[in-house]
Each structure stands twice: as C-alpha cells, then as structure tokens.
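Keep in mind that this is a model prediction, so the values were computed, not measured. Because only heavy atoms are used, hydrogens play no part in the values below, and waters and symmetry mates are left out as well, while side chains stay in.
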Amino acid sequence: MHSSDRDRVVLAAVVFAVLFSQLLLYPGVATLVETLGADATASPFASTALDASMWFLVAEFAAYIAFVGVWGLASDVTGRRTPFIVAGALAGAVGYAMLAVVPAVGSISFEGVLLLRVVQGAMTVGAFSLTMTMLMDLEGGHGRNMGAAGIAIGLGAALGAPIGGQLTELDPLAPLVGAAVLLVGVGMLVSQVDDRTPNSRRSARALLEGVRRRPTLSIPYAFGFVDRMTAGFFALVGTLYFQETFGLGPATTGLLLACFFAPFALLQYPMGALSDRIGRTIPIVVGSVCYGLGILAVGAAPTVTTAAVAMVAVGVLGALVSPATMALVTDIADKNERGVAMAGFNIAGSLGFLGGFLVGGTIAGSYGYDLAFLTVGSLEIMIALIAVPAFLRLSIGRRGRHPSDDHGEI
C-alpha cells in the first residue's frame, strides 16, 4: 500500500474516532444532563429537558467556534499538525473524564458542567479540524481525500448514535467514559502518520490575509454552515421529535438516526470520487435542493417506517453534498493556508450546528416540530438556489477548473 493510501486510512480512522466519541452522547443527552445535575429549580439553563440538552450541546459547539481558528492558525504558522492533534485529543479525553466524575463530586452546578463542556470542546476541535487538514495535505485527489473524511464522519455518527443509546441504557455516564478512552487512542494513532504540512512558514497575519483574498471560500463555507445546521437539528430536535412523536426510547432513537448516518457514511468516498470526475456543481447545488426536500419529507412522515425510509433518502443525498463541499475548500485554498481554510470551514460548520440546536430548539419549543422541519429544510433549498449564479459566474466545480488562483469578487 502506498504511504498516502495508508495515511488516508489512518487519518480517516482518527476522524471516525473523534466523531464517534461525540455522537455517543447524543441519543441519551436528556438523561445525561439530568444525571449531571440539570435542575429547573437551580439553573436557568435547565428550565426544561429540551433547554438543558440544548445548552449542553451548544456549549461544546460554542467552544468549537471560538477555538478552531486558533488551532488552524497555530498549525500553519509552525508548519506542524501532529503535535497539536495529540495535545487536543489528550486534553479532550481529560475533559470527558472530568464530566464523568461530576456526579461523584456532587457539588458542581449545572453552569459548572457547561464550563467543563466548553473546555472539552475547545480541546477536541483541535484534533478534529487538524486531522481533516492532514487529509487535505495528502495527494490522490481532493474529492477522494475529503470522501475519506466524509465516510469517517458518517460512520462515526452512524455507529456512535446507536451504540451511545445502548450505553445510556446501561449507565448514563458510560458514553462519557467511552469518549475519553477513544480520544486517548486518537492521540496514540495519529502519531503514526507522516506530517506532510508544507514547509514554508508564514506569519499569522500573512496567512489570514491570504485567506481573506479568496472570497470564493465563502461558497463552501455557506454550504458547510447549512449542512451542519441540519445535522445539529437532527441531533437535538430530531432526537426529541422521534421520541415524543413515536414514543421511542434512546436505543431505538439511535437506530432511527442511523438510518440517516449509515448511507451518509458508506457513500461518502464514492461520491467524493464522483465529484473529482464530474465537478462540484451538480453534487453541491442539485444535491442540496433534494436534501432540503428530504428533510421536509422526514417531518411529514406519519409512521416510524416512513420516517426511517425518508431518513435513508436524506442520508444518500447528504453523502452526495458533503465530500464535494469539503473538496471545494481544498480546491480553492492555497496549500500553505489549508489549516486556516479548513478552520474557517469548521467554524462555519460549528455555527451551523449551533444554529441547528438554537434555531431548531427554539422554533420547536415555541411553535412546534412541523414549523421547525419546514424552516430547516427550506434553508437548505434556499442556499442552493442562491448559490447557483456564483457557481455559473465563477465556473466553480467544472472538472479541472478550480478558482485556487482566482482572487476575483463573487
């Protein structure tokens, strides 16, 4: 096996482990926050189970947004990625472990729990974002490399959700312990990969200026934002919707979420390779319109069976969009600015997750699940339609024609 192929597999395994550890917590999040001390009488962040769950998830992604750029910038400035990934993974493991011992300590408020969650998220995002950047550094086609990242993300989510549900049935704290163990493994595994970070070092100011001169990055960032918004929506609102509407427990909810994440994961690599052949426009634009329609179908499904079928269709369409969007970041960014460029993409994605939690949770809590599904599905369709003129004007996504050297205005 060529070294690049071996490293692609290892790095994909690292991305898988980070996402798997994250998704372990989601199916049983309401039970977990209760175990960690969420009490409506003691904290304004825990007035309802939905509010406590929302803020627990929001805390992590707020940290993602605040710190992912710091990790990317530090990596590009120093010309190293591996040491930062190891440090982020091990510190993230400590964060998960500290959350797991909160009930034993007994004197930590829910606000303190949220602060620990922020610290854990700030560390974990370094391992996640920089591992994806290491995949960007590999040869072999941007679509293939981001397809490997996508299949790892999808498999991590697909397996993390159902296994997390099963672990929650055993003990609400078990997902936290499992996540801590996995991140220790990440720190050990990534050290086996060659660090291919470009050698030419630049100042932080020069790196940020270089990314600023590439306004076309706003296109994959916008799609990354709305795609991750739908994922955050399903992680929180979708979970509670399935449980309240169909009377499902955490384990069954995890299986229903897996109906989306399984095809989303398994088709990422071939869909990424397809975008290398046919370009990015069709997978991103057409796929996003159909993806939004699929979300509307999930919200309209009258039974568990039809909801599961709709979730499978949404997973297939998500697999079409995701690797092409990530590959477009690599197409556009200069090789010496990939850490910052991918950090920007992950900031947009984390803002999307945050929006999925906050917008979806707020609308669902105030106006019901129907309007929440309609809002999120419509946003996915709208961003695709708005982006069409930019794709056509800049010729983005045509095979062999990427705007990596284009500094023009959108």
Side-chain angles (χ1 to χ4, degrees), residues 19-20 22-30 53 57 150-166 168 226-268 270-271 283 286-323 325 352-353 356-357 359-361 363-364 368-381 384:
L19 263 293
F20 181 86
Q22 183 182 44
L23 266 290
L24 285 176
L25 280 60
Y26 284 19
V29 64
S53 301
L57 298 180
I151 196 171
I153 292 170
L155 280 175
L159 298 176
I163 292 177
Q166 297 292 335
T168 300
V226 73
D227 291 345
R228 298 282 183 90
M229 174 182 278
T230 63
F233 174 82
F234 276 116
L236 176 63
V237 178
T239 295
L240 297 176
Y241 168 76
F242 293 140
Q243 292 176 349
E244 293 182 15
T245 303
F246 301 120
L248 306 179
T252 308
T253 302
L255 293 175
L256 189 54
L257 292 175
C259 290
F260 164 79
F261 287 115
F264 178 79
L266 296 175
L267 296 176
Q268 288 271 333
M271 292 295 192
V286 178
S288 291
V289 171
C290 296
Y291 184 57
L293 293 173
I295 293 170
L296 298 179
V298 172
T303 66
V304 174
T305 301
T306 53
V309 172
M311 288 287 277
V312 170
V314 171
V316 173
L317 293 166
L320 179 64
V321 175
S322 179
T325 303
F353 261 112
F357 298 149
V359 175
I363 294 176
Y369 289 112
D370 289 345
L371 184 59
F373 273 94
L374 178 62
T375 300
V376 173
S378 298
L379 283 173
E380 182 75 34
I381 296 170

Give, for atom [atom1] of [X] and atom [atom2] of [Y], the distance between the pair rounded to the nearest 0.5 Å.
X: L296; Y: I381; atom1: CG; atom2: CD1; result: 5.0 Å
X: L24; Y: L159; atom1: CG; atom2: CG; result: 10.0 Å
X: T253; Y: E244; atom1: OG1; atom2: CD; result: 10.5 Å
X: I295; Y: C290; atom1: CD1; atom2: SG; result: 11.5 Å
X: L248; Y: L240; atom1: CG; atom2: CG; result: 11.5 Å
X: L257; Y: F234; atom1: CG; atom2: CZ; result: 9.0 Å

Decide yes or no for [X] and [Y]: does some side-chain heavy atom of the first lie under 4.5 Å from some side-chain heavy atom of the second?
X: Y291; Y: L320; value: no
X: F260; Y: V312; value: no
X: Y26; Y: L57; value: yes
X: V359; Y: V376; value: no

Would a distance-only check, ignoring hydrogens and angles, find a side-chain to backbone donor-acceptor pair under 3.5 Å from [X] to [Y]?
X: Q166; Y: P162; value: no
X: T230; Y: D227; value: yes
X: S322; Y: G318; value: no

Minimum-distance pair of heavy atoms, taken over all atoms of [X] and [Y]:
X: S378; Y: L374; answer: OG-O, 2.7 Å
X: A319; Y: P263; answer: CB-O, 3.9 Å
X: A307; Y: F242; answer: CB-CE2, 4.4 Å
X: T325; Y: V321; answer: OG1-O, 2.9 Å
X: S53; Y: A30; answer: OG-CA, 3.5 Å
X: I151; Y: Q268; answer: N-CB, 3.1 Å

(request) If the plane angle is over 60° it's perpendicular, under 30° parallel, otherwise tilted; pick one for F246 and Y241. (result)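 Rings of F246 and Y241: perpendicular, over 60°.
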
(message) Would you say the rings of F373 and F233 are close, in the sense that their centroids are separated by under 6.0 Å?
(response)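 Distance test on ring centres: under 6.0 Å, yes.
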
(message) Evaluate L155 against L266 for side-chain contact (heavy atoms from CB on, under 4.5 Å), listing each step before the verdict.
(response) CA-CA 7 Å; L155 280 175; L266 296 175; 4.1 Å; yes

(message) Applying side-chain contact (heavy atoms from CB on, under 4.5 Å) to T239 and V29, what does each step give before you reach the verdict?
(response) CA-CA 9 Å; T239 295; V29 64; 5.6 Å; no

